[in-house]
Protein chains: 2
Amino acid sequence: MTEAPALHRGARSRDAILDTAGELMSLHGYAATSISMISTACGLPVSSIYWHFGSKDGIYVAVLERARTALLAALPPAEVPGADVRQRLDTFLGDLAGALRHHPRGVKLLLGLGTVQKDASAAALTEVRRYRDALVAWARDSVSSVFALHDRPEVADELARFTLRMTTGTAVARWFEPDAVLETEPLRVALLALAAHHGVGVRVSGGRGAES
Amino acid sequence: MTEAPALHRGARSRDAILDTAGELMSLHGYAATSISMISTACGLPVSSIYWHFGSKDGIYVAVLERARTALLAALPPAEVPGADVRQRLDTFLGDLAGALRHHPRGVKLLLGLGTVQKDASAAALTEVRRYRDALVAWARDSVSSVFALHDRPEVADELARFTLRMTTGTAVARWFEPDAVLETEPLRVALLALAAHHGVGVRVSGGRGAES
DNA sequence: GTCTATATGATGATAGAC
DNA sequence: GTCTATCATCATATAGAC
């Protein structure tokens, strides 16, 4: 058991460090998470952590990168399946709520670490932004697919921003009331109304037209 | 000039410390803001800071308390004036956007410090929660006034949650894109649609009925 | 109330044996 | 790759003159 090949030992240790570092940092924030906290929490000595990541900043970047790839892998494809708008919208919102529910750390990492402007360096800021941009792009593509907005990019942008901000707000609400969830029902109503407001037809059964 | 009465000197120093502490903490977060940073930024020695607030936690609580009262004073009264729903809604959203625009620190303090679960102690957590509760109550009362929902508290709660989460999401978006604003237009459309969805009539001119 | 000076501990980071 | 031992620095917090 303890005689596992060294190569595997290294990879497993790296993963263990990232696991506990991600958990602690998403809980306490970057600055409040010390290397020794990570060390005692994951059992590996401080110097091993430094051997793997070089610096605290390096841990942070690695944690973010991993959270990003994990969340993006968990998100449903941007090409939302479904016959009509309402069907696709339900699928999209359900998947979004599910991702938020099952990956609370991912979002909280972005949020709790968004305050990192002093400690973290260029590489970390780049990684934070990359994470954020990936989410924005995914939301835009998904919304565009749901409402068939390929020829109305500005409408897709607005709906995506709207959705993403509501999701972010919910993630924040969650650290005050841990059982808060993304309320898909109001969001569904709102998005349909917004689409209609921009003249994007929905009319599947007794649908009402646009406003202006 | 330097001979101002000692009593005034003390109060002014207290304010100066709170000013810079609030700014630094909203920028870097609680943990990343050190006493010496505050000291050099506001010119007063470390021991003066301790004389006024006793501990770092004490500074934090005072900063939060001050941000709360400042924000609540800046928020418009919960009894929104206006003849009809649309008029009141416009007033409400305009005021909300204005408060968010002019008091970015207030919200960011709540957010950037929401990660404070390890360092800050009971008093600080209480103050954070008090801050948050005040915002929630204000939003609920305002929305209730706008849509005349005094007999539909659960609808008022939902609309208030919706509004507040969108506002929070926007505040977060702001530390990625500093020029992000609360988009009142989509929010207006969404809230009207949500109200209608719950059977709350708006119909002022060509209004459409509820969905179900 | 404000200052200088300082105690005590924790932090990020490294050296070097194995 | 992992360990023990250690350094220099910075943190919070205090003492005591003025």
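Sequence lines set the chain letters: A, B, ... in the order given, protein chains first and strands last, and positions in each chain run from 1. The figures that follow rest on heavy atoms only: side chains count, while hydrogens, waters and symmetry mates do not.
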Does any pair with a residue in residues 62-74 of chain A pass salt bridge (charged side-chain N to carboxylate O under 4.0 Å, His left out), and if so which ones, sequence neighbours excluded?
Asp15(A)-Arg66(A), Asp19(A)-Arg66(A), Arg68(A)-Glu127(A)
Is it true that a side-chain atom of [X] and a backbone atom of [Y] form a donor plus acceptor pair closer than 3.5 Å?
X: Arg88(B); Y: Gly82(B); value: yes
X: His103(B); Y: Ala99(B); value: no
X: Arg140(B); Y: Pro153(B); value: no
X: Arg152(A); Y: Val200(A); value: no
X: Ser145(B); Y: Asp141(B); value: no

Got a sec, which pairs hit side-chain hydrogen bond (donor to acceptor under 3.5 Å, both in side chains) with one end in residues 35-47 of chain A, sequence neighbours left out?
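Pairs touching residues 35-47 of chain A that pass the test: Ser34(A)-Ser36(A).
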Starting from [atom2] on [N], measure out to [atom1] on [X] and report it in whole angstrom.
X: His52(B); N: dA13(D); atom1: NE2; atom2: P; answer: 16 Å
X: Trp51(A); N: dC18(C); atom1: CH2; atom2: C1'; answer: 15 Å
X: Lys56(A); N: dT11(C); atom1: NZ; atom2: P; answer: 9 Å
X: Arg14(B); N: dT2(C); atom1: CZ; atom2: P; answer: 12 Å
X: Ile35(A); N: dC10(D); atom1: CD1; atom2: C1'; answer: 15 Å
X: Ile38(B); N: dT12(D); atom1: CD1; atom2: C1'; answer: 12 Å

Which heavy atom of Val181(B) sits nearest a heavy atom of Arg165(A), and at what distance?
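Scanning both residues completely, I find the closest heavy atoms to be O-NH1, 3.1 Å.
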What I want to find out is whether Arg161(B) reaches Glu158(B) closely enough, with some N-O distance under 4.0 Å, to be called a salt bridge.
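Looking at Arg161(B) and Glu158(B), the cut-off is not met.
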Is the closest basic N to carboxylate O distance between Arg132(B) and Glu177(A) below 4.0 Å?
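Salt bridge between Arg132(B) and Glu177(A), a charged N being under 4.0 Å from a carboxylate O: yes.
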Hey, are the side chains of Leu27(B) and Trp175(B) touching, using non-hydrogen atoms and a 4.5 Å cut-off?
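Heavy-atom side-chain distance check fails, nothing below 4.5 Å.
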Can you name the atoms? Protein N/O to nucleotides 8-10 of chain C N/O, anything below 3.5 Å, with the distance.
none

Are there any protein N/O atoms within less than 3.5 Å of an N/O atom in nucleotides 6-9 of chain D, and if so, which ones and at what distance?
none

Residue-level proximity of residues 42-50 of chain B to DNA chain C when a heavy atom falls under 4.0 Å
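Here the set is Leu44(B), Pro45(B), Ser47(B), Ser48(B).
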CG of Leu149(A) to CG of Leu159(A): how many Å apart, nearest 0.5 Å?
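Between Leu149(A) CG and Leu159(A) CG, I get 6.0 Å after rounding to 0.5 Å.
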Spacing of Ile59(B) atom CD1 and Leu64(B) atom CG [to the nearest 0.5 Å]
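That separation rounds to 12.0 Å.
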Rounded to 10°, tell me the angle between the two end axes of the helix from dG1(C)-dC18(D) to dC18(C)-dG1(D), each built from five pairs.
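That helix gives 0° between its end axes.
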